[in-house]
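Working notes for the structure below.
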Amino acid sequence: MATFNLHINGKQQQVDADPSTPVLWVLRDNLNLVGTKFGCGIAMCGACTIHVDDVATRSCVLPVSAIGSKKITTIEGLSEKADHPVQKAWMEKDVPQCGYCQAGQIMTAAALLKKNANPSDEEIESTMSGNLCRCGTYQRIKAAIKTAAASL
Amino acid sequence: MSTNAFNRRRFIKVSALAGGGMLLTFDLLNGCKPAVSDVVTLPKEWYQLNGYLKIGDNGLITLMSPNPEIGQNVKTSMPMMVAEELDVDWKDVMVEQAALNADLYKPMQIAGGSNSISASWEAMRTAGATAKQMLKQAAANEWKVPVAEILTTNGMLSHKASGKSAGYGVFASAASKLPVPEKVALKKVSEFTIIGTSRKNVDGQKIVSGQPLFGLDYKEEGMLIAMIVHPGAFGQQLKESDISGVKTMPGIVDAFFVDVYPEKLERQWSDVAAFPKLLAIVGKSTWQVMQAKKTVKVETEPIKPTSKKMNVFGTDVEMITPAGPENTAMHKEKMMAGAPSRTKTVRKDGDPEAVFKKAATIIERSYSCPFLAHSTMEPMNFFADVKEGSAILTGPVQTPSFLEKTISDRLGLPLDKVEVKMTRMGGGFGRRLYGHFGVEAAVISQKMKAPVKLIYTREDDMTNGVYRPAYYATYRAALDENKNLLAFHVKAGGIPESPLHANRFPAGAIEHYLAEEWDIPTNISVGAFRAPASNFIAGAEQSFLDELAEAMGKDPIQFRLELCEKAKSKPVGKDNDYEIDRYAGVLKLVREKSGWGTPAAPGVARGVASYFCHRSYVAHVVDIVMKNNKPVIEKVTTAVDCGIVVNPDAATNLSEGAVTDAIGHAMYSAITFTNGVPDQKNFDGYKLIRYSEAPKKIETHFLKSEVDPTGMGEPSGPPAIGALANALYKATGKRFYDQPFFG
Ligand code: FES
Ligand code: FES
């Protein structure tokens, strides 16, 4: 066990955890931030995507000891009132079916648009292909990213 | 207008509920504030007019969504049916997940068989109409005017002659005290203002902001985390061994073997579980339990062969479980040989054997598909808090009432001391019809005397069985010298069940027709899937029809329509399980919308297929181009006849999902076995379709219809596989017979 001071969603948080604990489980178990989802645990599905210093990162394979002073943003911290352009576009296009993958999809899309407000179809495709959606909402994810990009 | 009797037993006692604060405690999970509460004032009092709705003194409406939500959007679409007849403004509506209550919600609170909307079509609308009638009566009594003269619109009551009007909230209290009318009138389709219009997901905002909606998100004070270890191989069972090392791992509270399903427990159909005995590891945090789990080496021994009868919805089904390790190579060999001793004729029209003997040409083709894992994005999990005389369970299950019964039997508690609460599910696809994980959580909680949440890792989830069965089918057609179709023969089977629907099209369209089926028992546990059998059989049959059309020199859509014409004008046999006009209807619609018959763009290859299942009709045209020997799916044009479409945009989403799901599995996915051990354990080995491989565009067209709604969650999947296979042939000159096509 060790103590870590983490910068999460604009707040400083202290957690006691084994240094090998993935950030995913620190968020879900220690900090009760359960918007970040568990899907595979091996960086293959993207359900656990968070931002580490604005970069989309798979939190299921990221040990808490590797964070240091980097800033973490989770789906809960993406906006105050679910009004980030990507969230708004997701609602407008009514993307979710079961919804379980969508926090990860939104975090991946939001990081992409932060880097490049006007991504090409190829960039969208290569970025979003790391996030599985078992319900098959890929059509709408594409439409929502275009809507969000247009609103930026 | 039609009239409808509403069974009084379905209503809970009419009573005014406590103040507005009560509403929030209805939500299972903390943080699940109704989305509209940000913009509207909650009422001081709620009045429950029946089990489906409450009306606040300020006119706010709460509608109860009875069925489990797995992503099929019932939590939005089903309350829309109540709102329609209640005549309320959708923006004044809040939706809550109803509690499990078999007396109140008919026919059953279940998610399966694409049944939710169609099965509740009468009950949901009648609930709305009944409440509306009671509100009208209350106003008529107060205003001293005939009830028939009162009009309703958007949550308002009005009486023209006297000029009186009031909101529903004003009369909610008085209405709640009135007798429930025996018969109420329901609207005509032309009067609908909510049904048939697109309404957004009522949980949309909560989903995109990461609020705790799912079983995996559920927490309670003092809750422990539990995980299981299973034998790892089908045909094996756990042997108790020394596990003391695990118990001393950091954060571990206990580890023990559990008999989840003891031999003497009578299992229901929903209790499919290959591994009745498990090792449970219980600890304080998920990661610690995961770490401890990795260190365990369990001992196993071979199972004994068994044969049991199981009651499946009133029919006794023989469940044979052979012993011994199974392999995919052996499965394939067995399926190719069929199972002569377990083959039976399911339908025979005319004299197919004789006609095949004198045929000028016989075309024969065989098709296969592998076992599949459901891979719901949310792995199996369940919360259980078992006390001395009671049990409360919360989590994702498609069959909550069945789970309640099994928990009651397994723990020896009266049914009314067991409560199963439903959460939103991160996917179902049939996997969560089988609630063994709920039983496991309960047994572990009972032993720990503490609230427990059981979590499966992805590996546990993928290697625990309840797979979509492996199937195989051989089709034969007899043609005369002039290439006329004389006879048709299908022989299909699977491990451990047949995928055949012998009375579906093209049965009824061909004079000499033979359908046979067989099965091969296995110790690998299997279960439902999203259109489990139809996905395979539609792909096979529709590919075969394509090949047949080519051999006969006909356009594939024209060929199918000619068969439809035969089935309509001179139907063969009497058990044909389809409406031929609806079948032909989607073919004609897809022909028109896809531009079939006009030349496709250079490099684009097209395939078509149609199918009927889950009471609905779907046809697709799939356009592909080949790139690096793999198809890029440029466009899917879809025509659907599912009767009245309650929520068109949501239905479109669901149909797009079914197409992507079916194409993805047909292209890439398979569970294979080596000595009973699944070779794929996570998404590195088990390939699911990804964004880059999904259709670039799906265009969905619904046939205009006034027929009561039929299934929607599944029917768009099956014909997508046939249309893809037929497009692949056009693109490559090669037929694709064995799924996964690109595994
Ligand atoms: S849970 Fe992290 S990528 Fe799947
Ligand atoms: S919406 Fe269900 S997994 Fe994406």
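Chain A is the first sequence line, chain B the second, and so forth, proteins listed ahead of strands; every chain is numbered from 1.
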Given a strict heavy-atom distance threshold of 4.5 Å, which part of B:I663 is in contact with chain A: side chain, backbone, both, or neither? neither

Show your reasoning for whether side chain to side chain donor-acceptor pair (under 3.5 Å) applies to A:D29 and B:S285. CA-CA 7 Å; A:D29 282 1; B:S285 78; 4.6 Å; no

Under the 3.5 angstrom rule, does the side chain of A:Y138 hit a backbone N or O of B:E693 as a donor-acceptor pair? no

Counting heavy-atom pairs under 4.5 Å with chain A, the top scorer among B:R458, B:M377, B:Q72, B:K697 is B:M377

Minimum heavy-atom distance B:G427-A:C98, with the two atoms named: N-CB, 3.3 Å

Heavy-atom pairs under 4.5 Å with chain B - which of A:A17, A:C135, A:C45, A:P22 has more of them than the others? A:P22

Looking only at the side chains, is there a donor atom on one of A:Q97 and B:N653 sitting less than 3.5 Å from an acceptor on the other? yes

For A:E76, is it the side chain, the backbone, both, or neither that has a heavy atom closer than 4.5 Å to a heavy atom of chain B? both

Test: salt bridge (charged side-chain N to carboxylate O under 4.0 Å, His left out). Region: residues 30-52 of chain A. Which pairs qualify, not counting sequence neighbours? A:K37-B:D217

Of the listed residues (A:I42, A:V26, A:T137), which shares the most heavy-atom pairs with chain B below a 4.5 Å separation? A:I42

Could B:K200 and A:E92 be called an ion pair, given the rule that one side-chain N must be under 4.0 Å from one carboxylate O? no

Less than 4.5 Å to any heavy atom of chain B: does that hold for the side chain of A:K81, its backbone, both, or neither? backbone

What option among A:G136, A:A43, A:G35 has the most heavy-atom pairs under 4.5 Å with chain B? A:G136

Part of B:T76 lying under 4.5 Å from any heavy atom of chain A: neither

Need one label for A:S20: side chain, backbone, both or neither, based on atoms under 4.5 Å from any heavy atom in chain B. both

Tell me, side chain or backbone of B:Q288 under 4.5 Å from chain A's heavy atoms, or both, or neither? side chain

So which part of B:Y686 gets closer than 4.5 Å to some heavy atom of chain A, the side chain, the backbone, both or neither? neither

Looking only at heavy atoms, the pair that brings A:Q87 and B:V208 closest together is NE2-O, 2.8 Å

Nearest heavy-atom pair of B:Q205 and A:A82: which atoms, and what distance? CG-CB, 3.8 Å

Heavy atoms only, distances under 4.5 angstrom: which of B:I225, B:D203, B:L654, B:D461 has the most pairs with chain A? Name it, please. B:L654

If you tally heavy-atom pairs under 4.5 Å against chain A, which of B:I207, B:T376, B:T286 wins? B:T286

Pick from A:D83, A:I124, A:N131: which one has the most heavy-atom pairs with chain B under 4.5 Å? A:I124

Per-residue contact mode, B:T660 against chain A (heavy atom under 4.5 angstrom): side chain

Exceeds 12 heavy-atom contacts within 6.0 angstrom, atom CD of A:Q12: yes

Checked B:A658, B:P379, B:G204 vs chain A; the most non-hydrogen pairs under 4.5 Å come from B:P379

State, yes or no, whether a side-chain contact exists between A:Q139 and B:P695 at a heavy-atom distance under 4.5 Å. yes

Chain A heavy atoms under 4.5 Å from B:M425: which part of the residue, side chain, backbone, both or neither? backbone

Can you tell me which portion of B:I70 sits under 4.5 Å from chain A's heavy atoms? Options are side chain, backbone, both or neither. backbone

Does a side-chain N-to-carboxylate-O contact under 4.0 Å join B:K696 and A:D121? no

Taking A:M44's backbone N and O only, do any of them form a donor-acceptor pair with B:D684's side chain (distance below 3.5 Å, no angle check)? no

Heavy-atom nearest pair, A:Y100 first then B:G426, reads CB-CA, 3.6 Å

If I measure from the heavy atoms of chain B, does A:L78 come under 4.5 Å with its side chain, its backbone, both, or neither? neither

Should A:K93 and B:D649 count as an ion pair when the cut-off is N to O under 4.0 Å? no

Would you indicate whether B:K294, at its atom NZ, is surrounded by more than 12 heavy atoms from other residues, nucleotides or ligands within a distance under 6.0 Å? yes

What ring pair (Phe, Tyr, Trp, His ring centres under 6.0 Å) pairs are there with at least one residue in residues 7-35 of chain A, not counting sequence neighbours? A:W25-A:F38

Less than 4.5 Å apart, any side-chain heavy atom of A:V34 and any of B:K219? yes

Which one of A:A47, A:A143, A:G41, A:C40 has the most heavy-atom pairs closer than 4.5 Å to chain B? A:C40

Could you check whether any side-chain N or O of A:R134 sits under 3.5 Å from a backbone N or O of B:G428, counting only pairs where one atom can act as donor and the other as acceptor? no

Tell me which of these, A:A103, A:S79, A:G77, A:G39, has more heavy-atom pairs under 4.5 Å with chain B than the rest. A:G39

Quick one: do A:E125 and B:R690 make a salt bridge, cutoff under 4.0 Å? no

Under the 3.5 angstrom rule, does the side chain of A:R28 hit a backbone N or O of B:L216 as a donor-acceptor pair? yes

Against chain A, label B:M462 side chain, backbone, both or neither, depending on which of its atoms sit under 4.5 Å from a heavy atom there. neither

